[in-house]
Trainee: 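Shown below is the structure under consideration.
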Amino acid sequence: MSLTLGERFDLYLDTLNNFGVFLLDLPDALIEYYVFEEFATGAISFLYKTNLELYEDEGLITKAIREQSGRLREGFLALKLQGETFWRVESVKRAPEWRELLTLSDCVKALLHERWTDEELKMLCAIGYCRRLGF
């Protein structure tokens, strides 16, 4: 079963909302869940180049948002390839590479808020573009 544009975009927003500097204030078990389960799955699927291009083509995101979202995905995958050294909660909390990615996610969310007001996001949700705001 393939997802609609609205479902994909909703999951893109959900992926971003599960990743940011706010995670550093959470217990280790929640950091592990949000980073290594929720964000890991969403980054691979909903921050994929083809999806980002679709969101941009449909006017949901700008070129800057597409580019920064792509950087976020690529940075995440690069850390994953580093192996166990970076693939643990303690690294998320202390490594500057993780801090950079968490901050980048927050920047992407800020760019989305420059693109859309809360009212516009609500309207997108009402017409089926997304199920929840999360912002």
Trainee: Taking side chain as C-beta onward, heavy atoms only, is R8 less than 4.5 Å from Y55?
Mentor: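 Yes, close enough: below the 4.5 Å cut-off.
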Trainee: Tell me if a side-chain donor or acceptor on D106 pairs with a main-chain N or O of V21 at a distance below 3.5 Å.
Mentor: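 Such a contact is found between D106 side chain and V21 backbone.
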Trainee: Between L16 and L72, is any pair of side-chain heavy atoms under 4.5 Å apart?
Mentor: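 Touching, per the 4.5 Å side-chain cut-off.
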Trainee: Do you know the tightest heavy-atom contact between L104 and Q68?
Mentor: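 Between these two residues, the closest heavy atoms are CD1-OE1, 3.1 Å.
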Trainee: Roughly how far apart are L111 CG and R66 CZ, rounded to 0.5 Å?
Mentor: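 It comes to 13.0 Å.
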Trainee: Contact between N18 and Y33 at the side-chain level, heavy atoms closer than 4.5 Å - yes or no?
Mentor: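 When only atoms from C-beta onward are counted, Y33 and N18 do not touch, as no gap falls below 4.5 Å.
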Trainee: Tell me if the aromatic rings of W87 and F76 count as close, with their centers under 6.0 Å from one another.
Mentor: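 Under 6.0 Å, so yes.
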Trainee: Distance from R115 atom CZ to I61 atom CD1, nearest 0.5 Å?
Mentor: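 With rounding to 0.5 Å, CZ (R115) is 9.5 Å from CD1 (I61).
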Trainee: Salt-bridged, E90 to R94, with N to O below 4.0 Å?
Mentor: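 Result for this pair is yes, salt bridge flagged.
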Trainee: Does atom NZ of K93 have more than 12 heavy-atom neighbours, drawn from other residues, nucleotides or ligands, at distances under 6.0 Å?
Mentor: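 More than 12 heavy atoms, drawn from other residues, nucleotides or ligands, come within 6.0 Å of this atom.
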Trainee: Do any N or O atoms from the side chain of T15 and from the backbone of F39 form a donor-acceptor pair under 3.5 angstrom?
Mentor: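 No; zero donor-acceptor contacts below 3.5 Å.
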Trainee: Work out which heavy atom in F19 is nearest to a heavy atom in V35; give both atom names and the distance.
Mentor: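 Of all heavy-atom pairs spanning F19 and V35, the closest is CE1-CG2, 4.0 Å.
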Trainee: Do E37 and T41 have side chains that approach each other closer than 4.5 Å (heavy atoms only, starting at C-beta)?
Mentor: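 A side-chain contact is absent here, since even the closest heavy-atom pair is not under 4.5 Å.
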Trainee: The test is side-chain contact (heavy atoms from CB on, under 4.5 Å); show your working for I65 and E114 and say whether it passes.
Mentor: CA-CA 10 Å; I65 295 169; E114 289 176 14; over 6 Å; no
Trainee: For the CZ atom of F22 and the CD1 atom of I31, what is their distance to the nearest 0.5 Å?
Mentor: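 Taking CZ in F22 and CD1 in I31, the distance rounds to 9.5 Å.
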Trainee: Nearest 0.5 Å, please: how far is CD in E38 from CG in D14?
Mentor: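 Between D14 CG and E38 CD, I get 6.5 Å after rounding to 0.5 Å.
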Trainee: How many angstroms lie between CG in L79 and CZ in F86, if you round to the nearest 0.5 Å?
Mentor: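 One finds 6.0 Å between CG of L79 and CZ of F86.
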Trainee: Of the non-hydrogen atoms in L112 and L60, which two are nearest, and what is the gap between them?
Mentor: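 That closest heavy-atom pairing would be CD2-O, 4.5 Å.
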Trainee: With a cut-off of 6.0 Å (strictly less than), are more than 12 heavy atoms of other residues, nucleotides or ligands near OH of Y48?
Mentor: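 Atom OH in Y48 is not crowded, with 12 or fewer foreign heavy atoms closer than 6.0 Å.
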Trainee: Do the non-hydrogen side-chain atoms of E100 and R71 ever get within less than 4.5 Å of each other?
Mentor: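 E100 reaches R71 side chain to side chain.
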Trainee: Is there a side-chain contact between T62 and E67 (heavy atoms, below 4.5 Å)?
Mentor: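 No, too far: nothing below the 4.5 Å cut-off.
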Trainee: Pick out which of N51, L54, L47 makes a side-chain contact (heavy atoms from CB on, under 4.5 Å) with Y12.
Mentor: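 For Y12, the side-chain contact (heavy atoms from CB on, under 4.5 Å) test succeeds with only one of N51, L54, L47, which is L47.
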Trainee: Test side-chain contact (heavy atoms from CB on, under 4.5 Å) on L24 and R99; report intermediate values, then the result.
Mentor: CA-CA 9 Å; L24 300 176; R99 173 64 77 147; 3.2 Å; yes
Trainee: Drop me the distance from E97's CD to T85's OG1, to the nearest 0.5 angstrom.
Mentor: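 So the CD of E97 and the OG1 of T85 are separated by 10.5 Å.
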Trainee: Can you give me the closest heavy-atom contact between G70 and L52, atom names plus distance?
Mentor: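 Heavy atoms of G70 and L52 come nearest at N-CD1, 3.6 Å.
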